[in-house]
Trainee: 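So that we are looking at the same thing, I have put the structure below in structure tokens.
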2 protein chains.
Amino acid sequence: MISNKCKYAIKALVYIANNEQDDRPVMTADIAREQQIPRKFLEIILRELRNNRILESKRGKDGGFRLLRPASEINLTEVMRIIDGPIAMLPCVSLNYYRKCDECEEESCEIKAVFEQVRDRTLEILNDQTIKSLTLQL
Amino acid sequence: MISNKCKYAIKALVYIANNEQDDRPVMTADIAREQQIPRKFLEIILRELRNNRILESKRGKDGGFRLLRPASEINLTEVMRIIDGPIAMLPCVSLNYYRKCDECEEESCEIKAVFEQVRDRTLEILNDQTIKSLTLQL
DNA sequence: ATATATCCTATCTATTTGATAGTATTTGTT
DNA sequence: AACAAATACTATCAAATAGATAGGATATAT
């Protein structure tokens, strides 16, 4: 399961992508209202996306958030990794958050191969998805 | 990520399958020692698998655990669902633990389709795996 | 100045994860 | 009958994570 936080992050980015035609940044309050996301929680998420160079922000009146890159260059996996961390089902199989299991030697691990397969099939799908491709589904 | 508990469960079942040639049940203490799983925690896991008709247990001297069905008929997904619950990445996309999202209407959800795909590819792999097929990799 | 937006720090509650302790009960052996 | 050895059960616990909320600081357009 991905966290609510991660789901909110993706939906917020899609909303921003869908509403950036004019040059005014998109406000937290608008995203929160339209996507039914708790406002203060959303603030934290958007700031985290800004800290990770997915968004840029503008403070003060007429402030808000804008995508720092074209929506077609923001990958779904990138967002998921920022918010939730590893995508793989086992730490010892994660490409970006690898961690050895305490209790087992990987050479003799019975289940590693299966979860490597799952990881590869999953990434094949998710790597193909960008914020842009998600907006097109509307 | 699957939980440690789930990883322990799978490894314990594989160990039992690998050690049931004679007719004596496999003891918690042996599994715990060989697979480096905390003993008391493993007890809880094995009891849970017994309650869900994956294992049968025998108490007292020469007691222990045995597979209730042939290893080839215990599916990996079944074990994962017992211990960790849903396999899907979104509740609204889960086959066995479906739950509607609070904040969005599924017809207009931008991300549902992607995670349905991930679910299907994941289950294609996991549904093919049984405790038997995992033991053969040794 | 003022209104309005993000920024930041602190805090909070509930749940889940991962586990341990101690006792009760069952069973085989002597 | 006594004992040893195994699971069964109940209670508890600590740490981490999830999912937020509150309140004030700071920046900016008008």
Side-chain angles (χ1 to χ4, degrees), chain A residues 1-9 11-12 16 19 23-33 35-52 54-66 68 80 82-86 89-91 97 99 101-103, chain B residues 1-12 16 23-33 35-52 54-66 68 80 82-86 89-91 97 99 101-103:
Chain A
M1 286 273 177
I2 65 172
S3 64
N4 267 343
K5 190 178 177 185
C6 189
K7 188 172 62 172
Y8 293 160
K11 285 180 169 259
I16 293 172
N19 289 273
D23 56 347
R24 294 177 62 183
V26 182
M27 291 188 305
T28 308
D30 290 338
I31 306 172
R33 185 181 0 92
Q35 299 283 356
Q36 310 256 66
I37 302 170
R39 188 173 175 278
K40 279 300 210 175
F41 194 26
L42 182 57
E43 272 188 26
I44 295 172
I45 296 167
L46 295 177
R47 210 166 340 117
E48 203 165 333
L49 292 172
R50 188 212 50 171
N51 292 339
N52 284 279
I54 302 291
L55 293 174
E56 61 181 352
S57 64
K58 191 185 169 200
R59 299 174 75 166
K61 194 164 191 200
D62 295 331
F65 293 88
R66 243 190 302 255
L68 193 53
M80 290 173 65
I82 288 170
I83 303 294
D84 273 358
M89 286 183 142
L90 285 178
Y97 293 85
R99 256 186 37 239
C101 291
D102 294 330
E103 80 285 356
Chain B
M1 286 273 176
I2 65 172
S3 64
N4 267 343
K5 190 178 177 186
C6 189
K7 187 172 60 172
Y8 293 160
I10 299 167
K11 284 180 170 260
I16 293 172
D23 55 347
R24 294 177 61 184
V26 182
M27 290 189 305
T28 308
D30 291 338
I31 307 172
R33 185 181 1 91
Q35 299 283 354
Q36 310 255 68
I37 302 170
R39 188 173 177 279
K40 279 299 208 175
F41 193 28
L42 181 57
E43 273 188 26
I44 294 172
I45 295 167
L46 295 177
R47 208 164 342 115
E48 202 165 333
L49 291 172
R50 188 213 50 171
N51 291 339
N52 283 279
I54 302 292
L55 292 174
E56 61 181 354
S57 65
K58 192 185 170 199
R59 299 171 76 164
K61 197 167 187 197
D62 297 330
F65 293 88
R66 242 191 303 255
L68 193 52
M80 291 174 65
I82 288 170
I83 302 295
D84 273 359
M89 287 184 140
L90 286 178
Y97 292 86
R99 255 186 36 241
C101 292
D102 293 330
E103 79 286 357

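Order of the sequence lines sets the chain letters (A, B, ...), proteins ahead of strands, with each chain counted from 1.
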Trainee: DNA chain D: A/Gly60 or A/Ile2, which has the more 5' nearest nucleotide?
Mentor: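 Whichever sits nearer the 5' end wins; that is A/Ile2.
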Trainee: When you measure from every atom of DNA chain C, which of residues 35-43 of chain B have a heavy atom less than 4.0 Å away?
Mentor: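 The answer is B/Pro38, B/Lys40, B/Phe41.
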Trainee: How long is the straight-line distance from NZ of B/Lys5 back to CD1 of B/Ile45, given to the nearest 0.5 Å?
Mentor: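 If we round to the nearest 0.5 Å, B/Ile45:CD1 and B/Lys5:NZ are 6.5 Å apart.
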Trainee: How long is the line joining CZ of B/Arg47 and C1' of C/dT23, in whole Å?
Mentor: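 Distance, rounded to whole Å: 13 Å.
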Trainee: If the cut-off is 4.0 Å, is A/Ser57 near the phosphate of C/dA5, judged by side-chain N/O to OP1 or OP2?
Mentor: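 No.
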Trainee: Would you mind classifying the nucleic acid contact of B/Leu46 as base, sugar-phosphate or nothing, using non-hydrogen atoms under 4.0 angstrom?
Mentor: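 Here B/Leu46 touches no strand at all.
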Trainee: Ignoring hydrogens, what is the shortest heavy-atom contact between A/Leu55 and A/Ile16? Give both atom names and the distance.
Mentor: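 Closest heavy-atom pair between A/Leu55 and A/Ile16: CD2-CD1, 3.9 Å.
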Trainee: Can you find a side chain N or O atom of B/Arg59 that sits less than 4.0 Å from OP1 or OP2 on C/dA24?
Mentor: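 For C/dA24, OP1/OP2 do not have a side-chain N/O of B/Arg59 under 4.0 Å.
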Trainee: Which value, rounded to the nearest 0.5 Å, describes the distance between B/Ile2 atom CD1 and B/Asn4 atom CG?
Mentor: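 One finds 8.5 Å between CD1 of B/Ile2 and CG of B/Asn4.
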Trainee: Find the distance between CG (A/Leu42) and NZ (A/Lys11) and round it off to the nearest 0.5 Å.
Mentor: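 If I round to the nearest 0.5 Å, the distance is 12.5 Å.
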Trainee: Any side-chain heavy atom of B/Lys7 sitting closer than 4.5 Å to one from A/Leu90?
Mentor: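 B/Lys7 vs A/Leu90: side chains touch.
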Trainee: State, yes or no, whether a side-chain contact exists between B/Leu49 and B/Ile83 at a heavy-atom distance under 4.5 Å.
Mentor: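 Yes; the side chains approach each other to less than 4.5 Å.
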Trainee: So B/Leu46 and B/Ile31, do their side chains get closer than 4.5 Å, heavy atoms only?
Mentor: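 Yes, close enough: below the 4.5 Å cut-off.
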Trainee: When you list every nucleotide of DNA chain D with an atom under 4.0 Å from a heavy atom of chain A, which one comes first 5' to 3', and which comes last?
Mentor: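 Reading along DNA chain D, I get D/dG19 to D/dA29.
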Trainee: Identify, between A/Ile44 and A/Asp62, the residue whose nearest nucleotide on DNA chain C lies closer to the 5' end.
Mentor: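 The residue closer to the strand's 5' end, by nearest nucleotide, is A/Asp62.
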Trainee: When you compare the side chain of A/Ser57 with that of A/Phe65, does any pair of heavy atoms fall below 4.5 Å?
Mentor: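 They are in contact (side-chain heavy atoms under 4.5 Å apart), so the answer is yes.
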